Amino acid sequence: MLNVPSQSFPAPSSQQRVASGGRSKVPLKQGRSLMDWIRLTKSGKDLTGLKGRLIEVTEEELKKHNKKDDCWICIRGFVYNVSPYMEYHPGGEDELMRAAGSDGTDLFDQVHRWVNYESMLKECLVGRMAIKPAVSKGLSHEVEEDISVRVVENVGKIEIVLKKKETTSWKRLGHPLENHNSLIPRKDTGLYYRKCQLISKEGVTHDTKLFCLMLPPSAHLQVPTGQHVYLKLTITGTEIVKPYTPVSDFLLSEFKEPVLLNNKYIYFLIKVYPDGLFTPELDHLQIGDSVSVSNPEGNFKTSQFQELEDLFLLAAGTGFTPMAKILNYALTNIPSLRKVKLMFFNKTEDDIIWRSQLEKLAFKDKRFDVEFVLSAPTSEWNGKRGHISPALLSEFLKRSLDKSKVLICICGPTPFTEQGIRLLHELNFSKDEIHSFTA
Ligand code: FAD
Ligand code: NAP
């Protein structure tokens with residue numbers, strides 16, 4: 001609300017009065033006082049010419065409205081049609097016209113930052129500027145679309161590197177955008193979906209595929225280790241959402257996650273169920289089609305790895321997906337780690353995801369071991385058989401030292417996970433030593 005003083009109007013300090021010094025003010029015509037402006041804004045007259053509609057304004061569109069009788073100005077991302085306000089502007093029409101059809105934020109900040117322009121121009125609001133596919137909106141000069149983000153998870157530091165588009169020296173950095181310098185609690189942000197593009201689809205096993213999605217320009221999405229996102233597709237007119245756990249492409253590219261996470265791609269290992277609701281639809285997508293991807297969720301924390309000595313991973317089927325990143329994280333970042341063991345349950349040999357990569361890793365890194373257990377093997381299978389059981393677990397879960405710090409992660413079909421947790425408790429592992437990935 002505008003705070004209009006009642007006794008003496010215009011007040012001595014009012015922008016209505018022609019200033020004796022400082023910024024020059026022009027005498028306003030009869031019937032063009034602040035009060036008159038307020039009356040006009042409350043009259044219900046369509047001041048924007050858009051009949052109350054708010055639109056998204058592109059830079060090209062903004063530029064077109066640069067005449068006195070058709071003058072749009074952008075202030076901090078919001079676009080106003082200031083033509084009706086021209087004659088009421090204490091600084092005069094010429095001053096407003098300096099920002100016609102452009103971003104007037106800087107000019108506005110230099111001249112009269114204190115003015116409560118939001119309420120003053122509320123009825124002139126045309127809409128918001130369309131977000132440009134570059135991050136440079138608040139910056140004074142353009143930057144390259146490719147930005148790199150380095151996240152140092154264990155110290156909670158994020159480093160963002162922006163490259164100038166032109167190698168000139170910048171006099172100023174720019175102006176802060178909405179929500180600048182504010183930390184918004186995760187619970188208040190809600191699920192935000194970005195449209196990604198299907199880039200490739202490769203068979204990994206007979207029914208599991210590696211889907212590669214490309215993020216939209218300038219978007220950054222880093223899914224923390226052990227967390228999942230939701231994929232959204234519209235299936236016969238209804239939006240369907242299912243959770244999936246991204247895998248880094250490190251198992252494909254020699255088990256090394258790049259330190260600079262400037263990658264635009266996100267990979268998923270997904271089993272296609274022919275009679276399923278979501279996965280056949282996903283499988284039918286063509287390269288270039290879009291899929292919406294949410295921000296990450298999940299309660300796994302890498303702080304669970306602190307001082308960890310033995311890490312045991314129990315995975316069944318696609319329950320392997322969270323283990324892929326966990327493996328990489330643990331082997332790369334936890335100096336105290338002595339042993340990482342994966343027990344991987346599947347029906348048949350053909351169902352084992354990334355078998356050769358896992359065997360190669362076990363060969364290369366002496367801290368890592370993998371055991372495959374099959375519930376429906378062929379007669380040629382020499383390895384372990386059956387389902388998760390006390391016998392299998394007690395043999396597998398051997399600490400490297402008597403009292404070594406242990407974490408056991410378990411993921412797979414819900415009954416598998418539930419049974420596994422029961423067995424682990426029977427084997428005297430405590431709640432803190434078990435992390436289960438459940439729906
Ligand atoms: P659905 O329609 O759910 O059907 C799946 C199978 O169950 C089909 O064979 C179907 O016939 C059968 N079925 C459906 N309803 C019933 C019923 N009432 N009774 C008996 N059988 C039934 N999957 C992955 O492949 N990769 C991942 O990275 C991954 N991450 C996940 C992360 C989390 C946190 C969770 C909870 C799940 C994850 N999943 C993952 C599983 C995924 O979310 C889907 O459940 C899976 O893809 C199946 O989806 P769908 O709609 O195609 O199949
Ligand atoms: P699957 O191939 O059907 O089964 C994998 C292995 O688990 C098989 O050996 C199977 O034995 C065994 N198994 C199944 N049910 C069992 C039970 N009740 N007790 C003991 N063993 C059992 O598995 P899938 O189709 O890939 O399914 C993977 C599951 O993991 C999905 O339910 C998915 O939702 C879940 N998942 C969860 C997450 C998460 O983060 N929460 C992430 C990824 C995947 P049989 O031969 O007897 O069937």
Side-chain angles (χ1 to χ4, degrees), residues 191 201-213 223-236 238-249 251 266-285 291 293-300 313-326 342-355 371-378 381 383-393 409-424 434-439:
L191 271 191
K201 187 170 57 171
E202 273 176 69
V204 173
T205 68
H206 63 102
D207 58 4
T208 306
K209 290 185 180 169
L210 183 73
F211 289 83
C212 174
L213 302 181
V223 182
T225 301
Q227 296 201 8
H228 55 270
V229 295
Y230 293 90
L231 298 188
K232 184 164 77 176
L233 285 176
T234 302
I235 301 171
T236 54
T238 309
E239 283 189 342
I240 308 285
V241 161
K242 293 260 169 154
Y244 293 95
T245 317
V247 290
S248 39
D249 55 337
L251 272 160
I266 178 163
Y267 292 86
F268 296 93
L269 267 173
I270 297 178
K271 176 165 168 178
V272 179
Y273 297 86
D275 52 354
L277 175 64
F278 191 84
T279 49
E281 209 64 34
L282 190 69
D283 194 32
H284 287 142
L285 291 182
V291 184
V293 180
S294 79
N295 36 327
E297 271 199 351
N299 53 13
F300 184 84
L313 308 172
L314 302 169
T318 56
F320 166 71
T321 52
M323 309 307 179
K325 265 196 184 179
I326 285 179
L342 167 68
M343 187 169 258
F344 195 0
F345 297 83
N346 284 281
K347 285 187 169 60
T348 68
E349 276 184 87
D350 292 344
D351 294 320
I352 305 173
I353 297 168
W354 282 345
R355 178 180 178 177
E371 275 185 32
F372 302 109
V373 182
L374 302 182
S375 53
T378 58
W381 177 248
K384 294 203 156 53
R385 297 162 177 256
H387 287 119
I388 193 165
S389 67
L392 276 176
L393 289 187
C409 297
I410 181 163
C411 186
T414 307
F416 162 88
T417 308
E418 285 172 355
Q419 199 193 339
I421 297 169
R422 258 196 316 275
L423 295 176
L424 291 172
I434 305 168
H435 184 94
S436 61
F437 292 87
T438 43

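Just follow the structure's listing: the first ligand is 1, and inside any ligand the first atom is 1. These numbers were taken from a predicted model, which means no experiment stands behind them. What you see below is based on every heavy atom in this structure, not just the backbone, and it leaves out hydrogens, waters and symmetry mates.
- Around atom 47 (O) of ligand 1, the closest heavy atom drawn from Y273, Y244, F278 belongs to Y244.
- In this structure H228 satisfies the ring-ring contact (aromatic ring centres under 6.0 Å, His included) test together with Y230, sequence neighbours excluded.
- Between the side chain of T279 and the backbone N or O of Y273, at least one donor-acceptor pair lies under 3.5 Å.
- When hydrogens are left out, the protein atom nearest atom 39 (N) of ligand 1 is P243 O, 3.5 Å; that is the closest non-hydrogen contact.
- The part of L269 lying near ligand 1 is the backbone, judged by heavy-atom distances below 4.0 Å.
- Of all protein heavy atoms, the one closest to atom 45 (O) of ligand 1 is K242 CD, 4.2 Å.
- A distance limit of 4.0 angstrom between heavy atoms and ligand 2 selects the residues T245, K271, Y273, A316, G317, T318, G319, T321, F345, N346, K347, S375, H387, C411, G412, P413, P415, F416, Q419, F437, T438.
- Nearest non-hydrogen protein atom to atom 10 (C) of ligand 1 is D275 OD1, 3.8 Å.
- The closest side-chain heavy-atom distance from V272 to D207 is not below 4.5 Å.
- From the protein, the heavy atom lying nearest to atom 53 (O) of ligand 1 is G276 CA, 3.4 Å.
- In this structure the side chain of T205 never reaches within 4.5 angstrom of the side chain of K271, judged on heavy atoms.
- Side-chain contact between I235 and T238: absent, with no pair of heavy atoms (C-beta onward) separated by less than 4.5 Å.
- Note that atom 42 (C) of ligand 1 has protein non-hydrogen atoms nearby, at separations under 4.0 angstrom.
- In terms of protein heavy-atom proximity, atom 32 (C) of ligand 1 is closest to T245 OG1, 3.4 Å.
- Between F211 and Y244, the closest side-chain pair of non-hydrogen atoms is not below 4.5 Å.
- The protein heavy atom nearest to atom 52 (O) of ligand 1 is T279 OG1, 2.5 Å.
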Show the atom names and distances, to 0.1 Å, of all donor-acceptor pairs under 3.5 Å that link a side chain in residues 343-350 to residues at least two apart or in another chain.
| unit_1 | atom_1 | unit_2 | atom_2 | d |
| --- | --- | --- | --- | --- |
| T348 | OG1 | D350 | N | 3.3 |
| T348 | OG1 | D351 | OD2 | 3.0 |
| E349 | OE1 | R355 | NH1 | 2.7 |

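- Contact annotation for atom 8 (C) of ligand 1: protein present (non-hydrogen atoms, distance under 4.0 Å).
- With sequence neighbours left out, F268 forms a ring-ring contact (aromatic ring centres under 6.0 Å, His included) with no residue at all.
- Closest to atom 2 (O) of ligand 1 among all protein heavy atoms lies L277 N, 2.9 Å.
- Protein heavy atom nearest atom 25 (O) of ligand 1, with residue, atom name and distance: K271 N, 2.9 Å.
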